[in-house]
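Worksheet: one structure, shown below.
Keep in mind it's a predicted model, so treat the numbers as computed, not measured.
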2 protein chains.
Amino acid sequence: MGETKEDALSAEAASTKGAERRRVSSETVVEELVELIRTRVFRPGDRLREQELAERFGVSRGPVREALRILEAKALVRIEPMRGASVASLTDEEALETVEISSVLFGLGVRKAVGKTTPDMIAKFRERVARLHELCDMEFSARSFYKETVRLGVDIFNVSASARFESLVADIRLGAPDIFGPLGFTTLELRETATRKWSGMVDAIEAGDDEEAVSLAHQVYQDSLKAAFKVLG
Amino acid sequence: MGETKEDALSAEAASTKGAERRRVSSETVVEELVELIRTRVFRPGDRLREQELAERFGVSRGPVREALRILEAKALVRIEPMRGASVASLTDEEALETVEISSVLFGLGVRKAVGKTTPDMIAKFRERVARLHELCDMEFSARSFYKETVRLGVDIFNVSASARFESLVADIRLGAPDIFGPLGFTTLELRETATRKWSGMVDAIEAGDDEEAVSLAHQVYQDSLKAAFKVLG
DNA sequence: GCGCTTAGAATTGTCTACAATCTTGTCTGC
DNA sequence: GCAGACAAGATTGTAGACAATTCTAAGCGC
């Protein structure tokens, strides 16, 4: 699984702002810790000792404490007073709920995008849909396909969502490991249905049909979830 | 405006868990800072100097820094490296967006509640609806009325939402000053309409009609928002 | 007067030290 | 062998000191 930061699709948006922000070590600690949690080097329930992390990252305990508090606020880490931090673990219900939350928030993002797209944007969306078409037929493309749908989703989302809204969704996505994602596209039929719906979503957005666009947005989440559950049993 | 902590409806849920959690000073700093921001002692844009806060709360800068990082993660505070923290300010669009987000999340909460209520819960909801009825006719009851709707909303939400979901919504509510709330109930007609819809929502939840329940949930938000905008111009 | 430079103060970033608390392993008495 | 007490080590919570950076304002040339 040699996947690195490139994989963190959700982080893409928030990166380059304008002037080069000076970096503070708690920021890098946050990023590295997120990566370690995302890649399951640290697994749910694992304790995160301050001194140990400080040594690993080459800083003192201060920045580590700040980073842990940040990650607790984002629900990635759990902290108990005088007992320390550990990687947060989600119950199955909470993981499902996270997907539900993502779904309605994405639906809102789509609704807000309707009526605010330029032809350029629509063209870009169509390019991504075309890429989905290509990926449909390829074998073992579940992961690439999934990642492309996320990119398209982010693009649509960015039409109208504020940076605040973006980072909220990014945080929520972070909270749940995206195991559901690729599992939703394991068969040709699933990929074809999804492509059709994403394509329809873009059409609806262009046509100004917000109800249809939102409905399809919810559907792609539900379809993918249903398929994932089928795989998992 | 002699309102104190009692006013923080959203915090109600997360308070007493089980065993008495040991308190850490960064927690109290967070709480006190939230209160100071909520009550507009510190206003959007105001700088939050670490030393100053440390002295005010009688702690050292360490806990203050942790608290500020937590509040930044919750989007209540903005931090620029080497330049310090300030109270976050929302544009009008962001404030509106926050209400939209709350609306769809509440809608999801309602949908999840359908089919999971006990008769006890429904009875409790009906009590709150009855209280809304009473508050309808009273003059200058906009604020009390609003607060009662929030309580009812929280009750419904709690039927099925995880603690994680609850605190997410609480954080989002915190982010936007709830100026919109009471403004949505300034006339008798608005209060009557709202009462009717909340009552219908409870009925729909009891009847298992999730579409109707969610539709009404979205409506009460939209109605209140529309009325608030009319007042504000 | 206006813009630039530059010292000094103010503020944030980080580290180290120490106190408070928890954890672990051992010992005792039965 | 086992439950509980106790001591030693580990870990977190907090404070204070120093370094790095930014802000402020006075001084200078024009």
Side-chain angles (χ1 to χ4, degrees), chain A residues 14 17-34 36-37 41-89, chain B residues 14 17-34 36-37 41-89:
Chain A
K17 258 289 175 62
E20 276 185 46
R21 271 169 51 97
R22 187 169 301 279
R23 290 180 67 72
V24 166
S25 47
S26 62
E27 281 183 66
T28 58
V29 172
V30 165
E31 282 169 27
E32 305 220 35
L33 255 179
V34 165
L36 288 169
I37 293 173
V41 175
F42 293 142
R43 289 162 193 251
D46 285 0
R47 281 198 67 178
L48 300 171
R49 292 190 185 76
E50 295 175 1
Q51 186 62 43
E52 192 181 315
L53 296 176
E55 279 161 21
R56 180 194 274 259
F57 299 129
V59 297
S60 76
R61 282 175 54 220
V64 171
R65 281 179 69 86
E66 289 173 14
L68 289 174
R69 295 306 186 284
I70 291 168
L71 293 180
E72 194 202 16
K74 292 184 191 294
L76 240 83
V77 155
R78 188 172 167 217
I79 297 179
E80 284 180 295
M82 276 293 167
R83 308 188 76 172
S86 53
V87 180
S89 55
Chain B
K17 259 286 175 67
E20 277 186 44
R21 271 169 51 96
R22 185 171 302 281
R23 291 179 68 69
V24 166
S25 47
S26 62
E27 281 183 67
T28 54
V29 172
V30 165
E31 283 169 27
E32 306 220 37
L33 256 178
V34 165
L36 288 169
I37 293 173
V41 175
F42 292 143
R43 292 164 189 245
D46 285 0
R47 283 198 68 178
L48 299 171
R49 294 191 182 77
E50 295 175 2
Q51 186 61 43
E52 191 181 315
L53 297 176
E55 281 162 19
R56 181 194 275 258
F57 299 129
V59 297
S60 75
R61 281 176 53 220
V64 170
R65 281 180 69 87
E66 289 172 13
L68 289 173
R69 296 302 185 283
I70 291 169
L71 293 179
E72 193 201 17
K74 291 184 190 295
L76 238 83
V77 155
R78 187 170 168 220
I79 297 179
E80 283 181 295
M82 276 293 167
R83 308 187 76 174
S86 53
V87 180
S89 54

* Determine, for nucleotides 10-18 of chain C in 5'-to-3' order, which nucleotides have protein heavy atoms under 4.0 Å from the base (write B), from only the sugar-phosphate (write S), or from neither (write -). => -SBBBBBB-
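- A:L68 has its CG atom 14 Å from the P atom of D:dT11, to the nearest Å.
- A distance of 9.0 Å separates CG of A:L33 from CG of A:L76, quoted to the nearest 0.5 Å.
- In this structure, B:A88 and B:P44 approach most closely via the heavy-atom pair O-CB, 3.6 Å.
- The salt bridge (Lys or Arg N to Asp or Glu O under 4.0 Å) analysis of residues 55-68 of chain A, with sequence neighbours excluded, yields the pairs A:E50-A:R61, A:E50-A:R65, A:R65-B:E66, A:E66-B:R65, A:E66-B:R69.
- Side chains of B:L68 and B:L53 form a contact here, defined as non-hydrogen atoms less than 4.5 Å apart.
- The distance from atom CD of A:E72 to atom CG of A:L48, rounded to the nearest 0.5 Å, is 11.5 Å.
- In this structure, CD1 of B:I70 is placed 11 Å from P of D:dG13, rounded to the nearest angstrom.
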